[in-house]
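Numbers restart at 1 for each chain; the letters A, B, ... are given by sequence-line order, proteins then strands.
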There are 2 protein chains.
Amino acid sequence: MTAGTGSRRERLRKATLDEIHGAVRTLLVEQGPGAVTINAVARQVGMSGPALYHYYASHDELVGAVTAGFLRELATAMEQARETRAEEPVGRRIVAVCRAMRAWAIAHPAEFGWIFAGPISPANRRPESTRHRAGQRFEQILLDLTVELWQTRPFPVPEPDELPESLRTQLAAYSASIDGRLPLEAAHVFLGCWTRLYGLLCMEILHQLDFAYTDLEPVFEECLRELIGALGLDDPDQPAA
Amino acid sequence: MTAGTGSRRERLRKATLDEIHGAVRTLLVEQGPGAVTINAVARQVGMSGPALYHYYASHDELVGAVTAGFLRELATAMEQARETRAEEPVGRRIVAVCRAMRAWAIAHPAEFGWIFAGPISPANRRPESTRHRAGQRFEQILLDLTVELWQTRPFPVPEPDELPESLRTQLAAYSASIDGRLPLEAAHVFLGCWTRLYGLLCMEILHQLDFAYTDLEPVFEECLRELIGALGLDDPDQPAA
DNA sequence: TATGTTTGCTTAATGCCTCTAAATAATCTA
DNA sequence: TAGATTATTTAGAGGCATTAAGCAAACATA
């Protein structure tokens, strides 16, 4: 064997898969989601139609696989931002990861739009789907950082008694689902931050705010500042207060 | 003429249009967005295929018209909530309108999802599209109430000097686009409220928060309380403080 | 009331799509 | 080298968007 793992066949197959993913991406970016058809993709990679079914069992599966790849790419970009700042305090890492998330979305709007608003079929929400797993990794990055922050320098949280009963129940379930790494009141703060950040980004990329803004960078930065405040951090862009 | 306006033919045409919209809605709700095809809709109303082209020039146009109808329905529900409380203070009307917005979205998730993530084609974003006009009416309801609040009982706003230059420019343009009914610093507060509220609702309906919540009602209510605080209002659920 | 236009609808046909089936060529394995 | 596996092809069924051509009922009007 000269390079990589697996047999020659496996390497060729992987190369073809990469080419297929690339073709899907090209079609998506250049001609929109509707242009991503099995036939068009096959044409792009130089095979004819049904050959693609040796790689994916259906159009849905192809779309799901590519979407999961986009999510992985986004997660990797965020992890990279985290790793290159491994020595800095957790507050700066959080900010860097959030900015990396938006930077990827801005650089790849078609892909990000597809992740969010593309295949909303129930199948993609079942826990065993590739899509779902890739999404979990994405969500987990900020969760991990928040847990680290919580353990090293707990942020202000509401009294659980102040939260409505039904919310407390749900937060308890979520807290359990992350192995109790955050107590429910801290999970509440985390989820609030996540919702605002991710929600703002989705609205931006899906053009729901075009009626008012042409560039949401300062809005995102303000959101980030509020988030930093909610997490009880000093302004991480200032070296020291 | 026995009833309504217009000739017999016009009435019949309108009835057929209503039937078509109903068929689209049924297909959307029962079988998802992918089931809304020209042929399926035609079958549902008992005509065969191309007959629909006497009512809409293309699939896109049909979808756009139905989507605009959904937006009108949502806007009407919000306006109704406002009108039935015409005598109450503006703070309560704002809360009622926001709750009406979520109530409609919860009652019609497929339709709301379609409004938001359905036809994201550039054509639907051009100002002359029916879709865009219906969207404007929707956004305007809370804007009108916010303007009324601003004129009767101004809410706290940031100093314009504290806002970054690029944000100030954009807010000035938006303020002008609403005929200066809100100065840019008040527009900033309004847009922040709108973004959070609408963003949260979109995330909920599009299942982006299923990993943590099963029922977002208490989350929405908390968001509403924060919004009320940002607008300097007393808790509108309490008769008097 | 007879006539011509408008309107609503039908069938036929084109070209795209998804996906299945059967057949063929190339490549690995033993 | 023979058999199994894999990659790929063509043929075809069935669906969809859309256009074209044509028919029949309803309408307007002279």
Does the side chain of [X] pick up a donor-acceptor pair with the side chain of [Y] at under 3.5 Å?
{"X": "B:His207", "Y": "B:Asp210", "answer": "yes"}
{"X": "A:Thr76", "Y": "A:Arg137", "answer": "yes"}
{"X": "B:Glu222", "Y": "A:His188", "answer": "yes"}

Separation of [N] [atom2] from [X] [atom1] (nearest whole Å):
{"X": "A:Met47", "N": "D:dT10", "atom1": "CE", "atom2": "C1'", "answer": "16 Å"}
{"X": "B:Leu17", "N": "C:dG8", "atom1": "CG", "atom2": "C1'", "answer": "12 Å"}
{"X": "B:Ile20", "N": "C:dG8", "atom1": "CD1", "atom2": "C1'", "answer": "11 Å"}
{"X": "A:Leu52", "N": "C:dC17", "atom1": "CG", "atom2": "C1'", "answer": "13 Å"}

*Decide, yes or no, whether a salt bridge links B:Glu204 with B:Arg102 under the criterion of side-chain N to carboxylate O below 4.0 Å.*
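So B:Glu204 pairs with B:Arg102 through a salt bridge.
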*When you check the gap from the basic side-chain N to the acidic O, do A:Glu226 and A:Arg196 get nearer than 4.0 Å?*
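Yes.
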*Is the distance between the ring centroids of B:Tyr174 and B:Trp194 less than 6.0 Å?*
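No.
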*B:Tyr198 and B:Phe138 aromatic centres sub-6.0 Å*: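 When the ring centroids of B:Tyr198 and B:Phe138 are compared, they turn out to be within the sub-6.0 Å range.
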*Per the salt bridge (charged side-chain N to carboxylate O under 4.0 Å, His left out) rule, which among B:Arg82, B:Arg93, B:Arg181 passes with B:Glu148?*
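Among the candidates, only B:Arg93 passes.
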*Determine the contact category for B:Tyr56: base if any of its heavy atoms lies under 4.0 Å from a base atom, sugar-phosphate if only primed atoms, P, OP1 or OP2 are that close, otherwise nothing.*
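No contact.
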*Would you please confirm or rule out a distance under 4.0 Å between OP1 or OP2 of C:dG8 and any side-chain N or O of B:Arg13?*
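The answer is yes; a side-chain N or O of B:Arg13 sits under 4.0 Å from OP1 or OP2.
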Between N or O atoms, less than 3.5 Å apart, protein on one side and nucleotides 24-30 of chain D on the other: list the pairs.
unit_1	atom_1	unit_2	atom_2	d
D:dC27	OP1	B:Arg8	NE	3.3

*asked:* Nearest to the side chain of A:Ser48, heavy atoms from C-beta on, is which of C:dG8, D:dA7, D:dT9?
replied: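 Looking only at side-chain atoms, A:Ser48 lies closest to D:dT9.
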Quick one: which protein N/O atoms are closer than 3.5 Å to N/O atoms of nucleotides 16-23 of chain D? Pair and distance per line, please.
unit_1	atom_1	unit_2	atom_2	d
D:dA17	OP1	B:Ile38	N	3.0
D:dA17	OP2	B:Ile38	N	2.9
D:dA17	OP2	B:Asn39	N	3.1
D:dT18	OP2	B:Tyr53	OH	2.8
D:dT18	OP2	B:His59	N	2.8
D:dT18	O5'	B:Tyr53	OH	3.4

